[in-house]
Every structure is written in structure tokens, then in C-alpha cells.
Amino acid sequence: MSKANPLLDPVLTWYAANARDLPWRAPAATPWSILVSEIMLQQTPVVRVLPVWTEWMERWPTPAALAAEPPGEAVRHWGRLGYPRRALNLHACARAVVERHGGEVPADHAALLALPGVGEYTAAAVASFAFQGRHAVLDTNVRRVLARAVSGEEYPPKATTAAERALAASLLPGPEDAPVWAVAVMELGALVCTARTARCAECPISGLCAWRLAGKPAYDGPVRRGQSYAGTDRQCRGRLLAVLRQAHGPVPKAALDAVWDDAPQRERALDGLVADGLAEVLQDGTYRLPA
DNA sequence: AAGGCGTGGGT
DNA sequence: TACCCAAGCCT
């Protein structure tokens, strides 16, 4: 039997007083609305997700509603959230939920994991937040909080390790508290124990934090690679897809040529979009979002 | 298993 | 100003 988690009470108390009032945490939130929020939030800040999520929930309140649309509509209403394959994943999720689960988002972790674009984190998050399941929810916030508070390191490793999973599992409270513990640690990481400058003065567990007690030693691992963006295929893909999103109908290739000068790179990026199912070429050589 | 995949606000 | 990085996933 493992020891009780000393972080549990202070973190839950802090959360009760400081949690943000986010719509996907409201009592009216459905498993579908929570799944949509989780996919939108992958690598994307809350403030940017909020308006898009609201529009999606009005337009597609159920998986069946989205499943009835062509995938291109999901991509169009994705707007500028970034990583638009997530829109395709959500559309495929909707169709899979209709076909395999009678239109209801499954509660089972393994069934969630089998959905497109749903990985270890998202499956645990949906099982926990939508169905009150007991799962270790290891996102970037939780990993950073545990790295600091327990391991005494400023940052967690680049990729999630078995040791991190074991640590998170060992801290998991009983079924009654597991879901609120998960969301509360995440919130602490998002609002207080932030990546750049931790707000230790506001932290409910600063007195227990191994990193702070060690004098907050600077990160001493391998240099984290800054992802360059200007001039990359990613930027080019973004430009091309923006043209397709804004047009309501097929676009002549000249309109795509106009937004990126480097022709070989442009062709490569366009082929990539088509290969990924984010764009379609018609017989007359025009392009559009997938029907 | 390292790298590709968008975007924009904060510092 | 240039980074940094934000509720990851997939190959």
C-alpha cells in the first residue's frame, strides 16, 4: 500500500478557490463537448480554443451532427487553431462514434484510445473528466508540476518516461477524488507552476516543492530545440490551406500559387495536404477542402 | 524515436 | 527582436 499523497489536500483546496470557469467544465458539458475541447486544446492555448469550441458546439452538438457533414466543413470551421489535421481527426471521431458506439462517446479508456487523434493523454482526460474514471492524466502541466514538486527538476524529460507514469500512478487518489485531482494539478501547472516563471508565491504546495526547497536550480538537461517556422513547409501548408478555407468552392491553382513563391516547395506542400486528406484536386485542376 | 505538424501571444 | 511554448499525436 502506498503512502497518501501529501499534495492532494492543498491542491484540491487551491483548485476549489482558483479554478477557471471554463465551459467544458460546466455541469452541462457532455462527453462529446469534452472530447472536442481536449482535441482542440492539444498544443493550443485556452483563449484561442474558447470561441471555436463554442461555435462548434452550437453547430455540431452531437457526434451525429458532425458525422453528417463532409470532412471539409470541419476543416473550414477549424479556423486558425493550427494543426488542422485535428479537425479531420475530430470528424473521423464523430463517424467512428456513430458507427462503433451508437453515437455515444465511449467511457472506456481503450475504446477512446482507438479513436483517431486520441492518444494516451486525451483518452485519460476524457475518461476522467467526462466519465469520472480513475486515470493518471499526464499532460505537459502535470509533468512539469510533478517534475518540480516531487523530482526537484525544473522541467520534465522531453518524452514521457515510465518513471513519470509510475510516479503519477502512485499519487493517484481513490476513485472519489481522482478526477478532481487530475484537473486540479493541470490547473495548477497552467496558472501557477508555469513553464517560464513559476509563481511560487501563489503556490499551495511551495512548502513541499522539492525544486523550490533545493533553491530552484536551473534546468540542466539537453538544450530544447527551438522549432523554426518561417520558410518551412508548415508555414507554406498553412498559407495554402487558409486560401481553401476562405473560399467557398473550388479554387484555381493560380490562387494558391499566389501565396507562396518557392514553386517546388509549394508543390510539395500542396501534395502533402492532398495526401493528408486536407485538400482535394478536382478533374479540372482546381482545389478545395475535402467533400 | 526524433521530427513533422500551425498559429499567435508573452517575454 | 527573436525566441519560447501552449490540455499531443503519429510515423
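So that the names make sense, note that chain A is the first sequence line, chain B the second, and so on, each numbered from 1. Excluded from the calculations below are hydrogen atoms, water molecules and symmetry mates; all remaining heavy atoms, backbone and side chain alike, are included.
- For A:R85, the listed nucleotide lying nearest its side chain is B:dG4; candidates were C:dC5, B:dT7, B:dG4.
- For the pair A:E69 and A:R76, the salt-bridge criterion is not met [side-chain N within less than 4.0 Å of a carboxylate O].
- When the C1' atom is used for both B:dG6 and C:dC5, the distance is 13 Å, rounded to whole Å.
- The shortest non-hydrogen separation linking A:R25 to A:V183 is NE-CG2, 3.7 Å.
- The backbone N or O of A:G231 lies less than 3.5 Å from a partner atom in the side chain of A:Q235, making a donor-acceptor pair.
- Taking a cutoff of 4.0 Å between a charged side-chain nitrogen and a carboxylate oxygen, A:E153 and A:R143 do not qualify as a salt bridge.
- Atom CZ of A:R80 is separated from atom C1' of B:dC5 by 15 Å (rounded to the nearest Å).
- Mapping A:T197 and A:P84 onto DNA chain B by nearest heavy atom places A:P84 closer to the 5' end of the strand.
- Side-chain to base pairing of A:T44 with B:dG6: one donor and one acceptor N or O lie within less than 3.5 Å of each other.
- The main-chain N or O of A:N141 is found under 3.5 Å from a side-chain atom of A:D139 such that the two form a donor-acceptor pair.
- Under 4.0 Å is where a charged nitrogen must lie from a carboxylate oxygen, and between A:E55 and A:R59 at least one such pair does.
- Distance A:L273 CG to B:dC5 P: 10 Å, rounded to the nearest Å.
- Put simply, CD1 on A:I39 is 16 Å from C1' on B:dG6, counting in whole angstrom units.
- For the C1' atoms, the distance linking C:dC10 with B:dA1 amounts to 12 Å, nearest Å.
- Under the 3.5 Å distance criterion, the side-chain polar atoms of A:E202 are left unmatched by any main-chain donor or acceptor of A:L191.
- Here A:C93 contributes atom SG and A:W32 contributes atom CH2; the two are 6.5 Å apart, rounded to the nearest 0.5 Å.
- Atom CZ in A:R268 sits about 9 Å away from atom P in B:dC5, given to the nearest Å.
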Show your reasoning for whether side-chain contact (heavy atoms from CB on, under 4.5 Å) applies to A:L35 and A:V118.
CA-CA 9 Å; A:L35 173 61; A:V118 176; 4.1 Å; yes
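- A:N89 and A:R86 share no donor-acceptor pair across their side chains, judged by distance under 3.5 Å alone.
- A:L81 comes within 4.0 angstrom of a nucleotide base, judged by non-hydrogen atoms across all strands.
- To the nearest angstrom, P of C:dC5 lies 20 Å from CD of A:Q42.
- The shortest side-chain heavy-atom distance between A:I205 and A:L188 falls under the 4.5 Å cut-off.
- Mapping A:P116 and A:P45 onto DNA chain C by nearest heavy atom places A:P45 closer to the 5' end of the strand.
- More than 12 non-hydrogen atoms from other residues, nucleotides or ligands lie less than 6.0 angstrom from CG of A:D284.
- Across residues 118-148 of chain A, A:V118, A:G119, A:E120, A:Y121, A:T122, A:D139, A:T140, A:N141, A:R144 each have a non-hydrogen atom less than 4.0 Å from an atom of DNA chain C (numbered order).
- Straight-line distance from the CG atom of A:L270 to the P atom of B:dC5: 14 Å, rounded to whole Å.
- At least one side-chain nitrogen or oxygen of A:R237 sits closer than 4.0 Å to the OP1 or OP2 atom of B:dG6.
- For A:R48, no side-chain nitrogen or oxygen approaches OP1 or OP2 of B:dG9 to under 4.0 Å.
- For the pair A:Q43 and C:dG8, the criterion of a side-chain N or O lying under 4.0 Å from OP1 or OP2 is met.
- Within 3.5 Å, a donor on the side chain of A:R234 pairs with an acceptor on the base of B:dG6, or the reverse.
- Using atom P as the reference point in both B:dT11 and C:dA7, the two lie 14 Å apart (nearest Å).
- Taking 4.0 angstrom as the limit, A:Y83 places none of its side-chain polar atoms (N or O) nearer than this to OP1 or OP2 of B:dT7.
- Within residues 16-29 of chain A, the residues having any heavy atom under 4.0 Å from DNA chain C are, by residue number, A:R20, A:L22, A:W24, A:R25.
- For DNA chain C, the residues of residues 184-192 of chain A within the heavy-atom distance limit of 4.0 Å (strictly under) are A:M186, A:A190, sorted by number.
- In this structure, the CG atom of A:L41 is 17 Å from the P atom of B:dG8, given to the nearest Å.
- The residue among A:V47 and A:R86 whose nearest nucleotide of DNA chain B is located toward the 5' end is A:R86.
- If you measure from atom CG of A:L35 to atom C1' of C:dA7, you get 13 Å, rounded to the nearest angstrom.
- To the nearest 0.5 angstrom, A:C200 atom SG is 5.5 Å from A:W211 atom CH2.
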